[in-house]
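Throughout, a chain's letter reflects where its sequence line sits, starting with A, and its residues are numbered from 1.
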Number of protein chains: 2
Amino acid sequence: MSKTVSQPMLRRLPNYLMLLRKYHDTGIAFCSSSRIAEDLGLSSIQVRKDLQTVSDTPGVPNQGRDVKRLIDDLEGFLGYNDFSQAVLVGVGRLGSALLSYEGFREYNMKIVLAFDTRAHTPEMQSGVPIYHVNKLRQLVTRLHVQIGIIVTPSKSAQGVCDALVDSGVKAIWNFAPVHLSVPEDVIVYNENMAESLAFLSSKLRNKEEK
Amino acid sequence: MSKTVSQPMLRRLPNYLMLLRKYHDTGIAFCSSSRIAEDLGLSSIQVRKDLQTVSDTPGVPNQGRDVKRLIDDLEGFLGYNDFSQAVLVGVGRLGSALLSYEGFREYNMKIVLAFDTRAHTPEMQSGVPIYHVNKLRQLVTRLHVQIGIIVTPSKSAQGVCDALVDSGVKAIWNFAPVHLSVPEDVIVYNENMAESLAFLSSKLRNKEEK
DNA sequence: TAGATTGTTAATCGATTAACAATC
DNA sequence: TAGATTGTTAATCGATTAACAATC
């Protein structure tokens with residue numbers, strides 16, 4: 001099938017999956033779009049549209065959709081059937097938090113390796129081995145990891161990024177507040193904590209002014 | 001002026017501000033939209049549009065815009081003139097990382113207070129006092145804080161959210177992977193770490209299929 | 001003056017929402 | 001059958017991009 005999917009929709013999909021798993025665990029076999037919509041705070045029309053794009057199995061009028069089948073379709077669509085592996089660079093506070101973050105498992109994501117300039121002898125943290133950054137190219141190349149997470153200080157970010165790309169990484173999740181230059185075929189997703197908070201605060205102000 | 005601004009634009013604004021401050025520090029007094037665009041990886045047309053919305057001072061043809069003035073306008077627009085204060089609930093790994101995150105200062109954001117169920121005697125972390133959650137209503141109400149950050153386990157999130165809203169909080173930054181129910185006048189911004197990573201991974205897969 | 005860069009107006013693009021017929 | 005819920009097609013909404021005249 002492989003339709004092209006909009007970014008916002010792609011962000012909603014994992015949430016459907018999580019909710020549907022919850023339904024499944026509570027023994028709910030069928031559910032309507034409007035129910036999902038309510039639980040997720042979306043419009044039912046949007047949910048219907050999204051699920052149609054993702055699943056070939058049509059929904060049943062007056063009954064809704066088969067929860068189990070929908071889970072399978074979503075997992076297939078999102079490519080969760082095999083584990084997605086990632087490496088993390090920069091084991092500071094935020095890096096450590098990500099290493100120990102439980103939520104990744106739920107999305108079949110796993111950080112398999114971490115690097116830091118301070119790690120001299122290989123050590124473990126939250127079950128993930130941490131190596132010195134000078135091992136990065138060697139190890140990442142060997143393991144064929146495709147996703148890199150950059151949690152380094154801004155000034156090291158571009159260098160780390162280059163090393164990751166050289167080692168075959170095709171997608172980068174960047175927490176450093178800088179714009180990274182990458183080849184065209186590499187995807188960068190920027191996460192800026194401070195920006196998010198500032199964004200929220202301005203939204204608040206905008207609202208107050210009205 | 002107080003124009004309505006689109007969400008994606010509102011997210012770009014803090015980045016302009018950061019870049020312009022960097023220019024200012026290096027003694028650059030004027031800059032063109034195309035330069036900003038290049039440094040930030042955006043299109044120059046978009047930058048021009050954005051800056052027009054934010055600043056009443058027109059740009060000068062063949063010269064660009066006054067960096068200092070633009071900084072002032074952006075700060076004014078984003079409401080950075082007075083500090084924005086936030087409280088954080090849930091001092092786990094991620095919560096701690098946020099408490100110690102340096103980047104907030106740059107956006108004039110400050111976490112002034114934190115709460116956790118494990119904090120029995122008030123303690124300090126990264127310069128922020130941590131109280132037991134049962135002090136939440138009392139302290140947040142008294143300090144008139146408007147922004148709450150929820151970094152608790154999912155099952156506590158809605159309860160904490162209700163308490164924050166009761167105490168006058170008008171904007172919530174939610175890291176728990178659940179949908180929060182709030183009154184209409186309260187803004188919720190959801191941040192889901194796992195979702196972001198999963199999103200990146202599916203994007204990668206979609207690309208590979210092509 | 002010539003060239004760069006601006007602001008404005010219109011065109012395009014893409015996502016969400018609405019309306020409604022189809023069906024278990 | 002009646003009612004709920006579906007899928008499809010069209011309308012709306014909103015953001016980005018393009019084109020171009022204006023100007024220091």
Chemist: If D/dT23 has a Watson-Crick or G-U wobble mate with both distances under 3.5 Å, name it; if not, just say none.
Modeler: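 Pair assignment: D/dT23 / C/dA4.
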
Chemist: Roughly how many Å is it from CD1 in A/Ile36 to C1' in D/dT6, rounded to a whole number?
Modeler: 13 Å

Chemist: What contact category does A/Arg12 fall into here, base, sugar-phosphate, or nothing, at under 4.0 angstrom with non-hydrogen atoms?
Modeler: sugar-phosphate

Chemist: Apply side chain to side chain donor-acceptor pair (under 3.5 Å) to residues A/Gln46 and A/Asp50 and explain how you reach the verdict.
Modeler: CA-CA 6 Å; A/Gln46 191 168 52; A/Asp50 288 350; 5.3 Å; no

Chemist: For B/Leu51 and C/dG7, what is the distance between atoms CG and P respectively, to the nearest whole Å?
Modeler: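 For the pair B/Leu51 CG and C/dG7 P, the rounded distance is 8 Å.
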
Chemist: Does OP1 or OP2 of D/dC24 have a side-chain N or O of B/Gln63 closer than 4.0 Å?
Modeler: no

Chemist: Starting the side chain at C-beta, find the nucleotide from C/dT5, D/dA15, D/dT6 nearest to B/Pro61.
Modeler: C/dT5

Chemist: When you match A/Ile45 and A/Val60 each to their closest nucleotide on DNA chain C, which lands nearer the 5' end?
Modeler: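 Whichever sits nearer the 5' end wins; that is A/Ile45.
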
Chemist: Counting only side-chain nitrogens and oxygens, does B/Gln52 get under 4.0 Å of the OP1 or OP2 atom of C/dG7?
Modeler: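 B/Gln52 to C/dG7 OP1/OP2: side-chain N or O found under 4.0 Å.
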
Chemist: How is B/Arg65 classified with respect to the nucleic acid when contacts are heavy atoms under 4.0 Å: base, sugar-phosphate, or nothing?
Modeler: sugar-phosphate

Chemist: Taking C-beta and beyond as the side chain, do A/Phe175 and A/Leu98 meet within less than 4.5 Å on heavy atoms?
Modeler: yes

Chemist: From CD of B/Gln7 over to C1' of C/dA15, roughly how many Å is that when rounded to an integer?
Modeler: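 Atom-to-atom, B/Gln7 to C/dA15, this comes out as 14 Å.
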
Chemist: Nearest heavy atom decides the nucleotide; on that basis, is A/Asn62 or A/Pro58 closer to the 5' end of DNA chain D?
Modeler: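 Residue closer to the 5' terminus by nearest nucleotide: A/Asn62.
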
Chemist: Roughly, in whole Å, what's the span from CG in B/Leu70 to P in C/dT6?
Modeler: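 It is 11 Å, rounded to the nearest whole Å.
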
Chemist: Separation of A/Leu40 atom CG from C/dT16 atom P, in whole Å?
Modeler: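 So the CG-P distance, A/Leu40 to C/dT16, works out to 14 Å.
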
Chemist: Classify A/Ser44 by what it touches in the nucleic acid, base, sugar-phosphate, or nothing, heavy-atom distance under 4.0 Å.
Modeler: nothing

Chemist: May I ask you to decide if the ring planes of A/Phe199 and B/Tyr189 are parallel, tilted or perpendicular, using 30° and 60° as cut-offs?
Modeler: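 Answer is perpendicular, since the angle exceeds 60°.
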
Chemist: Quickly work out the A/Leu10 CG to C/dT16 P distance and round it to whole Å.
Modeler: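 Rounding to the nearest Å, CG of A/Leu10 and P of C/dT16 are 12 Å apart.
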
Chemist: Does OP1 or OP2 of C/dT6 have a side-chain N or O of B/Ser33 closer than 4.0 Å?
Modeler: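 Answer yes for this pair, as a side-chain N or O of B/Ser33 is under 4.0 Å from OP1 or OP2.
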
Chemist: Report yes if a side-chain nitrogen or oxygen of B/Ser6 is closer than 4.0 Å to either non-bridging phosphate oxygen (OP1 or OP2) of D/dG14; otherwise report no.
Modeler: no

Chemist: Rounded to whole Å, how long is the line connecting atom CD of B/Gln46 with atom C1' of D/dT17?
Modeler: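 Taking atom C1' of D/dT17 as the reference, CD of B/Gln46 is at 9 Å.
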
Chemist: Which atom names give the shortest non-hydrogen contact between B/Leu136 and B/Ser167, and what distance separates them?
Modeler: CD2-OG, 4.0 Å

Chemist: Any salt bridge between B/Arg21 and B/Glu75, counting N to O under 4.0 Å?
Modeler: yes

Chemist: Among the candidates D/dC20, D/dT8, C/dT16, find the nucleotide nearest to the side-chain atoms of A/Arg48.
Modeler: D/dT8

Chemist: Would the base of D/dT16 count as contacting B/Lys49 through its side chain, where contact means a donor and an acceptor less than 3.5 Å apart?
Modeler: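 When only heavy-atom distances are counted, B/Lys49 does not reach the base of D/dT16 through any donor-acceptor pair under 3.5 Å.
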
Chemist: Any Lys/Arg nitrogen of A/Arg69 or A/Asp73 sitting under 4.0 Å from an Asp/Glu carboxylate oxygen of the other?
Modeler: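 No.
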
Chemist: Could you tell me the separation between the CG atom of B/Leu42 and the P atom of D/dA15, rounded to a whole number of Å?
Modeler: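 Rounding to the nearest Å, CG of B/Leu42 and P of D/dA15 are 16 Å apart.
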
Chemist: Both distances under 3.5 Å, Watson-Crick or G-U wobble: report the partner of D/dT16, or none.
Modeler: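 Across any shown strand, D/dT16 pairs with C/dA11.
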
